[in-house]
Amino acid sequence: MRLPDSEELEIHYLNRIFDNTSECYKYFWFQAVLNKVLEGQEIITYEELINEMIADAWYMVSEYHLNLGPRDTLERLIRRLCEISDMKSCEKRDVILEYLENCTDREVMQKKRVLSYHVPYRLQAPFLENVKGNAWNVSESQLIRIINRKERLMYYFTALKGMQTAICIQPEWAAYMKKNQKILKGWLQYKMILYLEENISIDHFVPWSFVAHDEFWNLHPTTRVINSYKSNYLPDWECYFPRLCRLEYFSYEMIQESQAVREAFEICAREHLNSSMIRGRVYKYGQSLEEFSRALEEVVRPVYQSAMNCGFQKWPMERAGS
């Protein structure tokens, strides 16, 4: 999967930022940068970005206990936060971010600083072809001076000031990210899946043993392990239906924006979208996330409730961590 070209930017380097990745940091750092740019922020502190990284990785570590890497500081940091806080595995993102902004735990602060030592600089390594070998083994302040002298990078650095050091996104890169945000998000998720090396499985939100079909609106990606744990249980509606909506809406947006995705959707829809009424209600053009979620709920909730009435039980989520 290649990213859209640009006459102004060196996209061939961007395509290579995950080429040499032994830990997960680069994925979550780039995702945090992308999120902040899409919020309109182009000068971002290490503190803000690492808090974003923690919030993004929180669910997969605290709920699904995924291993992010052999020596992964981000994973250990989240496990520490699970020990010292009352936050749930399905905690809301804004709650996690607020907690992190006020957390003074020494171990958490030390691990956050460790996360800042390498990834802000190493992410752009493909752009820095002349920085090789021992050239990376210098102090942070020296590395910042070296990188800030280079041309055509995604971002540069303010003077070193611990976790308040900031990156400055270049305007042309910010514009590229905003213009191609859906493609960049899909590309990033694809790269992250390859890194995690999980066996991807397609799960039925309401169990197949009840619905006996593979309709699009009831499907979502997960891992084989989680699919096995969930089995014939119903996921908690309040916790998991909003997540299903976000996943489904991401696909819905890609269908609207990409000709290739739209063509693939039409081919699959012949077997996996058999109701013209549902298609007209859920997949009609131009809906906001709120409108899409409301339409999807009108379809899924009656089926979910019928399954409960027939004796299907809610998923005991703690089994996923056993």
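Not measured: the values here are computed from a predicted model.
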Enquirer: For residues N309 and Q305, is any side-chain donor paired with an opposing acceptor at under 3.5 Å?
Expert: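 There is such a pair between these side chains.
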
Enquirer: Dump the intermediate steps for side-chain contact (heavy atoms from CB on, under 4.5 Å) on H204 and L219, then the final yes or no.
Expert: CA-CA 5 Å; H204 295 75; L219 300 176; 3.5 Å; yes

Enquirer: May I ask you to decide if P207's main-chain N or O and N232's side chain share a donor-acceptor pair within less than 3.5 Å?
Expert: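 Pair absent, no side-chain N/O of N232 close to backbone of P207.
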
Enquirer: Kindly indicate, with the supporting measurements, whether the criterion side-chain contact (heavy atoms from CB on, under 4.5 Å) is fulfilled by I169 and K36.
Expert: CA-CA 10 Å; I169 310 296; K36 285 296 186 182; over 6 Å; no

Enquirer: Taking the side chain from Q256 and the backbone from Y285, do they hold a donor-acceptor pair closer than 3.5 Å?
Expert: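 Not confirmed, Q256 side chain does not pair with Y285 backbone.
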
Enquirer: Are side-chain heavy atoms of L81 and Y99 found at a separation under 4.5 Å?
Expert: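 Yes; the side chains approach each other to less than 4.5 Å.
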
Enquirer: Knowing that exactly one of F205, W315, Y233 qualifies, which makes a ring-ring contact (aromatic ring centres under 6.0 Å, His included) with Y240?
Expert: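 Only one of F205, W315, Y233 forms a ring-ring contact (aromatic ring centres under 6.0 Å, His included) with Y240, namely W315.
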
Enquirer: Check whether any side-chain heavy atom of K112 lies under 4.5 Å from a side-chain heavy atom of N51, and answer yes or no.
Expert: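 Of all side-chain heavy-atom pairs linking N51 with K112, at least one is under 4.5 Å.
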
Enquirer: When you check the gap from the basic side-chain N to the acidic O, do E291 and R281 get nearer than 4.0 Å?
Expert: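 Looking at E291 and R281, the cut-off is not met.
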
Enquirer: Sort out for me which residue in W173, Y156, Y155 forms a ring-ring contact (aromatic ring centres under 6.0 Å, His included) with F127.
Expert: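 Exactly one pass, corresponding to W173.
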
Enquirer: Taking side chain as C-beta onward, heavy atoms only, is R122 less than 4.5 Å from W136?
Expert: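 The answer is yes; the side chains approach within 4.5 Å.
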
Enquirer: Can you tell me if W58 uses its side chain to pair, donor with acceptor, with the backbone of K88 under 3.5 Å?
Expert: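 Pair found, side chain donor or acceptor close to backbone of K88.
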
Enquirer: Between R262 and E266, is there a salt bridge with N-O shorter than 4.0 Å?
Expert: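 So E266 does not pair with R262 through a salt bridge.
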
Enquirer: With a 4.5 Å limit on heavy-atom distance, are the side chains of D214 and W208 in contact?
Expert: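 The answer is yes; the side chains approach within 4.5 Å.
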
Enquirer: Is E297 salt-bridged to R294, going by a charged N under 4.0 Å from an acidic O?
Expert: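 No, no charged N to carboxylate O under 4.0 Å.
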
Enquirer: What I want to check is whether the side chains of S276 and R279 have a donor and an acceptor closer together than 3.5 Å.
Expert: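 No, because no side-chain N or O of S276 sits under 3.5 Å from a partner of the opposite role on R279.
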
Enquirer: So, do N35 and D56 sit near enough that their side-chain heavy atoms are less than 4.5 Å apart?
Expert: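 Yes. Closest side-chain heavy atoms under 4.5 Å.
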
Enquirer: Check whether the side chains of Y249 and Q287 place a donor and an acceptor atom closer than 3.5 Å, and report yes or no.
Expert: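 Side chains of Y249 and Q287: no pair found under 3.5 Å.
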
Enquirer: Taking atom types as modelled, is there a side-chain donor on Y121 or E140 under 3.5 Å from an acceptor on the other?
Expert: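 There is such a pair between these side chains.
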
Enquirer: With a 4.0 Å cut-off on N to O distance, would you call E257 and K182 a salt bridge?
Expert: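 No, E257 and K182 are not salt-bridged.
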
Enquirer: Taking S293 for its side chain and E290 for its backbone only, find out whether a donor-acceptor pair lies under 3.5 Å.
Expert: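 Between the backbone of E290 and the side chain of S293 there is no qualifying donor-acceptor contact (under 3.5 Å).
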
Enquirer: Using atom types as modelled and distance alone, determine if a side-chain donor or acceptor of D236 lies under 3.5 Å from a backbone N or O of C239.
Expert: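 Yes.
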
Enquirer: For the residue pair L128 and L153, establish whether any side-chain heavy-atom pair is separated by less than 4.5 Å.
Expert: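 SC-SC contact between L128 and L153 confirmed.
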
Enquirer: Assess whether a salt bridge exists between E42 and K178, defined as any Lys/Arg side-chain N lying under 4.0 Å from an Asp/Glu carboxylate O.
Expert: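 Here E42 pairs with K178 in a salt bridge, since their nearest N and O are under 4.0 Å apart.
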
Enquirer: So, applying ring-ring contact (aromatic ring centres under 6.0 Å, His included) with F18, which one of F28, Y190, Y27 is it?
Expert: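 The option that passes is Y27.
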
Enquirer: Quick check against the 3.5 Å criterion: does Q170 have a side-chain atom that pairs as donor or acceptor with the backbone of C168?
Expert: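 Yes; judged by distance alone, with no hydrogens or angles, the pair exists.
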
Enquirer: Salt-bridge test for E129 and R16: reply yes if a basic N is under 4.0 Å from a carboxylate O, no otherwise.
Expert: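 Yes.
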
Enquirer: Is any side-chain heavy atom of C24 closer than 4.5 Å to one of L74?
Expert: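 L74 vs C24: side chains touch.
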
Enquirer: Just by distance, no angles: are the side chains of D5 and H12 close enough, under 3.5 Å, to form a donor-acceptor pair?
Expert: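 No, no side-chain donor-acceptor pair sits under 3.5 Å.
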
Enquirer: Over all heavy atoms of both residues, which pair between E48 and I43 is shortest? Give the atoms and the distance, please.
Expert: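 Residues E48 and I43, closest heavy atoms: OE1-O, 4.4 Å.
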
Enquirer: Classify the ring geometry between F241 and W237 as parallel (under 30°), tilted (30 to 60°) or perpendicular (over 60°).
Expert: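 Rings of F241 and W237: parallel, as their planes differ by under 30°.
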
Enquirer: Would you check if the side chain of N148 reaches a backbone N or O of F157 as a donor-acceptor pair within less than 3.5 Å?
Expert: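 Side chain of N148 to backbone of F157, a donor-acceptor pair under 3.5 Å: yes, one is there.
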
Enquirer: Is there a path of hydrophobic side-chain contacts, each under 4.5 Å between heavy atoms of I, L, V, M, F, W or Y residues, that connects I167 with I146?
Expert: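 I167 and I146: one cluster.
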
Enquirer: Look at the aromatic rings of Y252 and Y283 and report parallel, tilted or perpendicular, splitting at 30° and 60°.
Expert: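 Taking Y283 first and then Y252, their aromatic rings sit tilted (interplane angle of 30° to 60°).
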
Enquirer: So, the side chain of T158 versus the backbone of A166: is there a donor-acceptor pair under 3.5 Å, distance only?
Expert: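 Yes, because the side chain of T158 sits within donor-acceptor range (under 3.5 Å) of the backbone of A166.
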
Enquirer: Tell me yes or no: between the side chains of D203 and T222, is some donor less than 3.5 Å from an acceptor?
Expert: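 Checked: D203/T222 side chains show no N/O donor-acceptor pair below 3.5 Å.
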
Enquirer: May I ask you to test the L273-F265 pair for a side-chain heavy-atom distance under 4.5 Å?
Expert: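 L273 vs F265: side chains touch.
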
Enquirer: Mind running side-chain contact (heavy atoms from CB on, under 4.5 Å) on Y46 and W29 for me, showing each step along the way?
Expert: CA-CA 10 Å; Y46 288 1; W29 178 268; 3.9 Å; yes

Enquirer: Kindly confirm or rule out a cation-pi arrangement of R243 over Y59, judged by NZ or CZ under 6.0 Å from the six-membered ring centre and within 45° of its axis?
Expert: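 Relative to the ring axis of Y59, which defines the angle, R243 lies inside both limits.
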
Enquirer: So, E107 and K111, do they make that salt bridge, N to O below 4.0 Å?
Expert: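 Yes, E107 and K111 are salt-bridged.
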
Enquirer: Answer yes or no: is there a donor N or O on one side and an acceptor on the other, between the side chain of E172 and the main chain of L9, under 3.5 Å?
Expert: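 Not confirmed, E172 side chain does not pair with L9 backbone.
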
